[in-house]
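Below: the structure, in structure tokens.
Quick caveat, the model's predicted, so the values are computed rather than measured.
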Amino acid sequence: MSLDELPEWLPAWCLDHLGGEPADVLFRSQQVSAVFGLRLAGGRDVVVKARADDGRAASCVAAQARLAERAFPCPRPLTPVAGVGALAVHAEEYRPGGEVLHGDSPDMAVRCAEVFARLMAELAGVTVAPPLPNPPWVRWEETGAGTWPAIDFLDRLDQSVVPRHIVEAAERARGRLLAGGLPCVLGHADFEAQNLRWRGRQVWAVHDWDSLAWQPEAALVGAASGSFASAGPPALAPIESSEVFLAAYQGFRGRWFTPSELEIAWAAGVWMAAYNAREMALCGGSPAGGDALRAQAAGRLRRANA
């Protein structure tokens with residue numbers, strides 16, 4: 001991407017908030033947020049993120065800043081959130097390096113569970129307004145839209161292409177989640193391999209703080225136990241590895257879940273996997289997550305008592 005292709009608002013925003021205009025584009029990515037890696041005039045490298053302003057961003061950035069202050073391995077925000085038209089925009093430090101680790105083995109589950117336990121322990125000491133609405137892949141509490149949260153671009157597509165087993169798994173898991181009655185906490189809801197960078201055995205950076213959520217701890221851990229191995233299209237870890245993740249997390253946190261919390265954890269993993277599989281089916285993406293859900297649904301739903 002060249003400088004000429006940057007959004008019109010971005011150079012002036014950088015000058016106003018960071019003290020220099022972009023001199024080079026290091027990278028650009030587009031998922032939920034538009035992310036621009038920039039080298040400013042003067043040589044400083046930064047990352048600017050812009051997303052639709054749904055009211056969540058300020059809390060997410062504030063929580064990220066608190067963890068960075070405590071030396072948690074995450075990029076440090078350089079600005080608060082600023083509105084640019086319908087966008088919420090902020091900048092953070094560029095934290096390059098490290099590698100994405102691949103695999104869904106029990107050993108990898110333990111390594112990731114340790115990072116997630118540390119992350120959740122740090123967030124337990126952070127007070128911000130709940131970052132609502134939750135990201136759609138963990139927004140099972142939304143009412144009035146049937147099984148799924150209302151998302152226009154997905155809801156307009158042909159729903160008949162979504163296999164029935166995906167819808168059934170989501171319905172059963174959602175029923176268990178809504179009956180949970182557990183208190184909500186702040187947590188990372190997109191804990192995937194592609195959002196982690198490692199240097200040897202040490203985690204170097206956790207990314208995607210736009211995806212903080214306000215859900216029960218057990219539900220957030222359960223979602224992570226299924227998604228931790230995703231390094232591209234959404235994947236679902238083997239049941240054995242999710243079991244190891246859940247047990248390791250509790251050990252690192254020094255608190256064991258109640259039987260009800262464990263059921264909520266398993267239900268959350270199913271619902272997130274079903275949400276992702278539905279999106280892949282609607283958008284013509286990889287069927288791998290849906291295939292894994294088909295193979296594992298009975299075992300996971302039994303553990304969820306759903």
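Closest approach of Ala41 to Ala23, counting heavy atoms only: N-CB, 3.9 Å. Residue Gly103 comes nearest to Ala229 through the heavy atom pair O-CB, 3.5 Å, listed as atom of the first residue, atom of the second, then distance. For the residue pair Ala248 and Ala113, the shortest heavy atom distance occurs at CB-CB, 3.8 Å. Pairing each heavy atom of Ser225 with each of Ala237, the nearest pair is O-CB, 3.8 Å. Heavy atoms only, all atoms of each residue included: Gly251 and Trp256 are closest at N-CH2, 4.0 Å. Residues Pro136 and Ile151 approach most closely at CB-CD1, 3.4 Å, considering heavy atoms.
We find the CG-CD distance between Asn305 and Glu263 to be 4.5 Å, quoted to the nearest 0.5 Å. Taken from CH2 in Trp148 to CD in Glu279, the straight-line distance is 10.5 Å, to the nearest 0.5 Å. In this structure, OG in Ser230 is found 9.5 Å from CG in Asn195, a value given to the nearest 0.5 Å. The structure places CZ of Arg66 at 15.5 Å from CZ of Phe72, a figure rounded to the nearest 0.5 Å. Taken from CG in Leu10 to CG in Leu15, the straight-line distance is 11.5 Å, to the nearest 0.5 Å. In this structure, SG on Cys112 lies 11.0 Å from CD on Glu192, to the nearest 0.5 angstrom.
Val48 and Val81 end up in different hydrophobic clusters when Ile, Leu, Val, Met, Phe, Trp and Tyr side chains are linked at under 4.5 Å. The hydrophobic cluster containing Val138 does not contain Val221, counting ILVMFWY residues as joined when their side-chain heavy atoms lie under 4.5 angstrom apart, directly or transitively. By the criterion of side-chain heavy atoms lying less than 4.5 angstrom apart, applied directly or through intervening Ile, Leu, Val, Met, Phe, Trp or Tyr residues, Leu246 is grouped together with Met108 in one hydrophobic cluster. Hydrophobic clustering places Trp214 together with Leu119 (ILVMFWY residues linked when any side-chain heavy atoms are closer than 4.5 Å, directly or through intermediates). Under the 4.5 Å side-chain heavy-atom criterion for ILVMFWY residues, no single connected hydrophobic cluster contains both Phe153 and Met280.
Taking 4.5 Å as the limit, every side-chain heavy atom of Pro75 sits out of range of all side-chain heavy atoms of Val47. Residues Trp198 and Val203 form a side-chain contact, since some pair of their non-hydrogen atoms from C-beta on lies under 4.5 Å apart. Using a 4.5 Å cut-off on side-chain heavy atoms (C-beta onward), Leu67 and Val126 make contact. The closest side-chain heavy-atom distance from Ile264 to Phe257 is not below 4.5 Å. The shortest distance between side-chain heavy atoms of Tyr275 and Pro149 falls below 4.5 Å. With a 4.5 Å cut-off on side-chain heavy atoms, Pro80 and Val61 do not count as touching.
When the ring-ring contact (aromatic ring centres under 6.0 Å, His included) test is applied to Trp137, no partner is found at least two apart in sequence or on another chain. Every residue meeting the salt bridge (charged side-chain N to carboxylate O under 4.0 Å, His left out) condition with Glu217, not counting sequence neighbours, appears here in chain and number order: Arg253, Arg255. Looking at residues two or more places apart in sequence or on another chain, you find a ring-ring contact (aromatic ring centres under 6.0 Å, His included) between His188 and Trp209. Checked against side-chain contact (heavy atoms from CB on, under 4.5 Å), Ser33 has the following partners two or more places apart in sequence or in another chain: Val35, Arg51, Asp210. By the side-chain contact (heavy atoms from CB on, under 4.5 Å) test, Gln296 is found to be paired with Leu236, Ile239, Ala292, Arg300, residues two or more places apart in sequence or in another chain being considered.
Listed for the Gln194 side chain is no donor-acceptor partner under 3.5 Å among the backbone atoms of Val100. Proximity of a side-chain donor or acceptor of Ser211 to a complementary backbone N or O of Ala189 within less than 3.5 Å is not detected. A donor-acceptor pair is defined here as one N or O able to donate and one able to accept, closer than 3.5 Å; such a pair exists between the side chain of Arg303 and the backbone of Gly299. With hydrogens and angles disregarded, a donor-acceptor distance shorter than 3.5 Å links the side chain of Glu261 to the backbone of Thr258. Remark: the backbone N or O of Trp204 is not paired with any side-chain donor or acceptor of Arg197 at under 3.5 angstrom. A donor-acceptor contact shorter than 3.5 Å is absent between the side chain of Ser241 and the backbone of Ala109.
Relative ring orientation between Trp13 and Trp9 is described as perpendicular, the plane-to-plane angle rising above 60° on a 0-90° scale split at 30° and 60°. By the 30° and 60° cut-offs, the orientation of the rings of Trp140 relative to Trp271 is perpendicular. Using a 30° and 60° split on the angle between ring planes, Phe228 and Phe245 fall in the parallel class, below 30°.
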Requested in this report: In sequence, state the C-alpha distance, the side-chain angles, and the governing distance for Ser160 and Asp158, and then conclude on side chain to side chain donor-acceptor pair (under 3.5 Å).
Outcome: CA-CA 5 Å; Ser160 69; Asp158 179 9; 2.6 Å; yes
**Report entry** Val128 vs Leu212, side-chain contact (heavy atoms from CB on, under 4.5 Å): CA-CA, chis, key distance, verdict
**Finding:** CA-CA 11 Å; Val128 295; Leu212 290 181; over 6 Å; no
Report task. Check the pair Val25 / Leu38 against side-chain contact (heavy atoms from CB on, under 4.5 Å), numbers first and verdict last. Result -> CA-CA 5 Å; Val25 180; Leu38 304 172; 4.2 Å; yes
Requested in this report: Evaluate the side-chain contact (heavy atoms from CB on, under 4.5 Å) criterion for residues Leu196 and Val206: first the C-alpha distance (whole Å), next the side-chain angles of each, then the deciding distance (0.1 Å), finally the verdict.
Outcome: CA-CA 5 Å; Leu196 305 179; Val206 179; 3.7 Å; yes
Requested in this report: Let me see the working for Leu78 and Arg44 under side-chain contact (heavy atoms from CB on, under 4.5 Å), right down to the final yes or no.
Outcome: CA-CA 12 Å; Leu78 300 174; Arg44 182 164 63 143; 4.1 Å; yes
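Electrostatic pairing of Glu171 and Arg164 counts as a salt bridge here, judged by a charged N lying under 4.0 Å from a carboxylate O. A salt bridge links Arg278 with Asp155: at least one charged nitrogen is closer than 4.0 Å to a carboxylate oxygen. A salt bridge is absent between Glu114 and Arg118; no separation between the charged side-chain nitrogens and carboxylate oxygens falls under 4.0 Å.
Surrounding CD of Gln30 are more than 12 heavy atoms belonging to other residues, nucleotides or ligands, all under 6.0 Å away. Counting heavy atoms of neighbouring residues, nucleotides and ligands inside a 6.0 Å radius, atom CD of Gln159 exceeds 12 of them. For Glu5, the CD atom sits in a packed shell: over 12 heavy atoms of surrounding residues, nucleotides or ligands are nearer than 6.0 Å.
Side-chain contact of Ser260 with Arg176: a donor-acceptor pair under 3.5 Å is present, judged by distance alone. For Ser2 and Asp4, the side-chain atoms include no donor-acceptor pair closer than 3.5 Å.
Connectivity analysis of hydrophobic side chains (ILVMFWY, heavy atoms under 4.5 Å, direct or indirect) links Val244 to Val110, Phe252.
Each of Glu142, Arg56, Arg139, Glu141 was scored for a side chain to side chain donor-acceptor pair (under 3.5 Å) with Asn134, with one residue passing: Glu141.
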